[in-house]
Amino acid sequence: MFEILSNIVAALLTLFIFSFLYKDNPFYRFAEHLLVGVTMGYAIPLVYTNAFIPFVYQPIFLEGQYWLIIPSILGILYIFRFTKNLSWLSRYPIAFGMGIVGMGVPMSMHSSVLVQMRNAMRPIDNINTLIIFLGTVTILLYFYFSKPHKGLYGKFTNIGIWFMMVGFGASFGYTVMARISLLIGRIQFLLGDFLGLIK
Amino acid sequence: MKRQIPLIIVIGLGFIFVAHTFIPSRTSQDFYDWWVSWSKAISPFAVVLGILSLFMVHGTKIQRKAPNWQYSVVTLLAVFVTAFVGFVWGTDEGTPFLWLFKNVQMPMSATMFSLLAFYIASAAYKAFRAKSPQATVLLVAAFIVMLGQVPLGAAISRWIPEASQWILNVPNLAAKRGIATGVGLGATATSLKILLGIERTYLGSD
């Protein structure tokens with residue numbers, strides 16, 4: 001009985017959201033706002049249990065690491081973001097977090113640039129490696145905006161656009177597949193678990 | 001005082017982190033562990049900021065009886081009820097909190113994302129109607145990749161899964177590599193601007 005009730009709730013909310021395919025309506029808006037509320041409400045106890053208790057309460061009050069009171073006060077300063085005169089205080093916790101940017105400079109250079117470059121400089125021993133090399137170079141040329149994309153240079157950058165279109169197409173295809181598999185999941189739920197039409 | 005000290009904190013910590021990356025040592029590791037423990041203590045309070053923001057936005061709508069304010073009541077009630085059941089009955093398996101997740105949150109978010117399947121299809125149709133050769137290449141690549149992932153593709157021709165794999169491994173790899181390099185250079189430049197105090201928008205306005 002309880003399972004049937006649970007399925008009815010889930011099915012109704014699923015249908016409320018699907019109703020947007022017809023047009024915007026009060027059922028969809030209700031479900032949309034409910035989703036925002038439940039998602040936020042879901043995060044609160046989880047953050048309390050998985051972040052506040054182990055990293056603030058336990059170390060300070062049970063393990064006596066009183067120096068952690070300082071970052072806790074820094075964290076409380078976030079709340080001043082909404083005050084008119086003291087909103088500048090919220091810059092301190094933000095600044096503390098932003099410090100990691102120093103690590104981001106060498107890390108992003110290494111992982112996104114140097115590693116990619118190293119892999120792009122492999123020996124061109126077959127047609128595929130030649131295509132990959134040509135694609136990488138022409139795309140990088142496309143993103144160089146200090147020179148007008150005209151003449152021979154423009155032809156090269158145009159090849160880059162074609163490569164990017166194939167890449168976007170592949171990503172698009174994957175995204176469609178992921179969304180359709182979610183859609184199949186919901187249809188299976190409605191026809192199977194809820195209506196019992198498919199086993 | 002209001003902007004300079006936070007800026008000094010960012011620049012100071014930033015250069016120490018640069019040193020930590022290039023000069024690994026016991027001291028730099030201790031510094032990193034200290035920063036992580038402080039960040040973990042600060043992070044739960046950022047959620048309070050999010051909650052307050054939500055309550056302020058929807059509270060104002062209710063207070064002013066703005067158009068569709070009734071839905072804001074639904075949002076705030078949902079926050080209260082979900083958080084309340086989480087605190088009272090816990091977050092483990094078999095609790096009302098998990099019931100809300102499995103029968104309310106999860107079905108709705110999955111349906112919300114599945115809605116995009118329809119809009120993606122309509123976007124594809126619009127791109128097809130644009131009749132530009134580049135949009136056609138995008139759609140053909142997408143079509144082959146999609147067909148290559150399902151049994152129907154192999155049933156039509158054994159070349160379709162192979163073509164799909166070739167697209168993913170060769171031109172797609174070139175595109176991803178070119179874009180990743182550009183993104184990497186952009187991220188490095190932005191990080192440098194923050195580190196040197198040129199980019200300050202994260203501090204907000206006065």
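Below, read A as the first sequence line, B as the second, and so on, with proteins coming before strands; counting in each chain starts at 1. No experiment lies behind these values; they were computed from the predicted model shown.
No donor-acceptor distance shorter than 3.5 angstrom exists from the side chain of A/S112 to the backbone of B/A180, with no hydrogens or angles considered. Using modelled atom types, no side-chain atom of A/R179 and backbone atom of B/L116 make a donor-acceptor pair closer than 3.5 Å.
Closest heavy-atom contact between B/T21 and A/P106: CG2-CG, 3.7 Å. Between B/L49 and A/R81 the shortest heavy-atom distance is CD1-CB, 3.7 Å. For the residue pair A/A31 and B/M108, the shortest heavy atom distance occurs at O-SD, 3.4 Å. Across all non-hydrogen atoms, the minimal contact from B/A142 to A/F172 is CB-CD2, 3.5 Å. Minimum heavy-atom separation, B/S114 to A/R186: OG-CG, 4.2 Å. Contact detail for B/L192 and A/V105: the closest heavy-atom pair is N-CG2, 3.9 Å.
Within a 6.0 Å sphere centred on CZ of A/F145, other residues, nucleotides and ligands contribute more than 12 heavy atoms. Atom CD of A/E63 has more than 12 neighbouring heavy atoms from other residues, nucleotides or ligands inside a 6.0 Å radius.
When ring centroids are compared, A/Y42 and B/F101 come within the 6.0 Å threshold.
For A/D193, no part lies under 4.5 angstrom from a heavy atom of chain B. Proximity to chain B (any heavy atom under 4.5 Å) is shown, for A/L77, by neither the backbone nor the side chain. Of the two parts of A/N50, neither the backbone nor the side chain holds a non-hydrogen atom closer than 4.5 Å to a non-hydrogen atom of chain B. Interface remark: A/I76 contributes backbone and side-chain atoms alike to the contact with chain B (heavy atom separation under 4.5 Å). Contact annotation for A/F143: only side-chain heavy atoms (C-beta onward) come within less than 4.5 Å of a heavy atom of chain B. Both the backbone and the side chain of A/I180 come within less than 4.5 Å of a heavy atom in chain B. A/V56 touches chain B through its side chain: at least one heavy atom from C-beta onward sits under 4.5 Å away, while N, CA, C and O do not. Both the backbone and the side chain of A/I132 come within less than 4.5 Å of a heavy atom of chain B. At a 4.5 Å heavy-atom cutoff, A/F16 makes no contact with chain B through either its backbone or its side chain. Of the two parts of A/F20, the backbone and the side chain both hold a non-hydrogen atom closer than 4.5 Å to a non-hydrogen atom of chain B.
Using modelled atom types and a 3.5 Å distance limit, the side chains of A/T49 and B/T91 yield no donor-acceptor pair. Under the 3.5 Å distance criterion, with hydrogens and angles disregarded, a donor-acceptor pair is assigned to the side chains of B/K176 and A/S171.
The aromatic rings of A/F96 and B/W34 lie perpendicular to each other, with more than 60° between the two planes, well past the 30° mark. The aromatic rings of B/W99 and A/F2 sit tilted, their planes meeting at an angle between 30° and 60°.
Here the straight-line distance linking atom CZ of B/F80 with atom CD1 of A/I44 works out to 9.0 Å at 0.5 Å rounding.
Taking 4.5 Å as the limit, every side-chain heavy atom of B/V47 sits out of range of all side-chain heavy atoms of A/F52.
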Does the side-chain contact (heavy atoms from CB on, under 4.5 Å) test come out yes or no for B/F97 and A/L46, once each step is laid out?
CA-CA 10 Å; B/F97 182 73; A/L46 287 185; 4.2 Å; yes

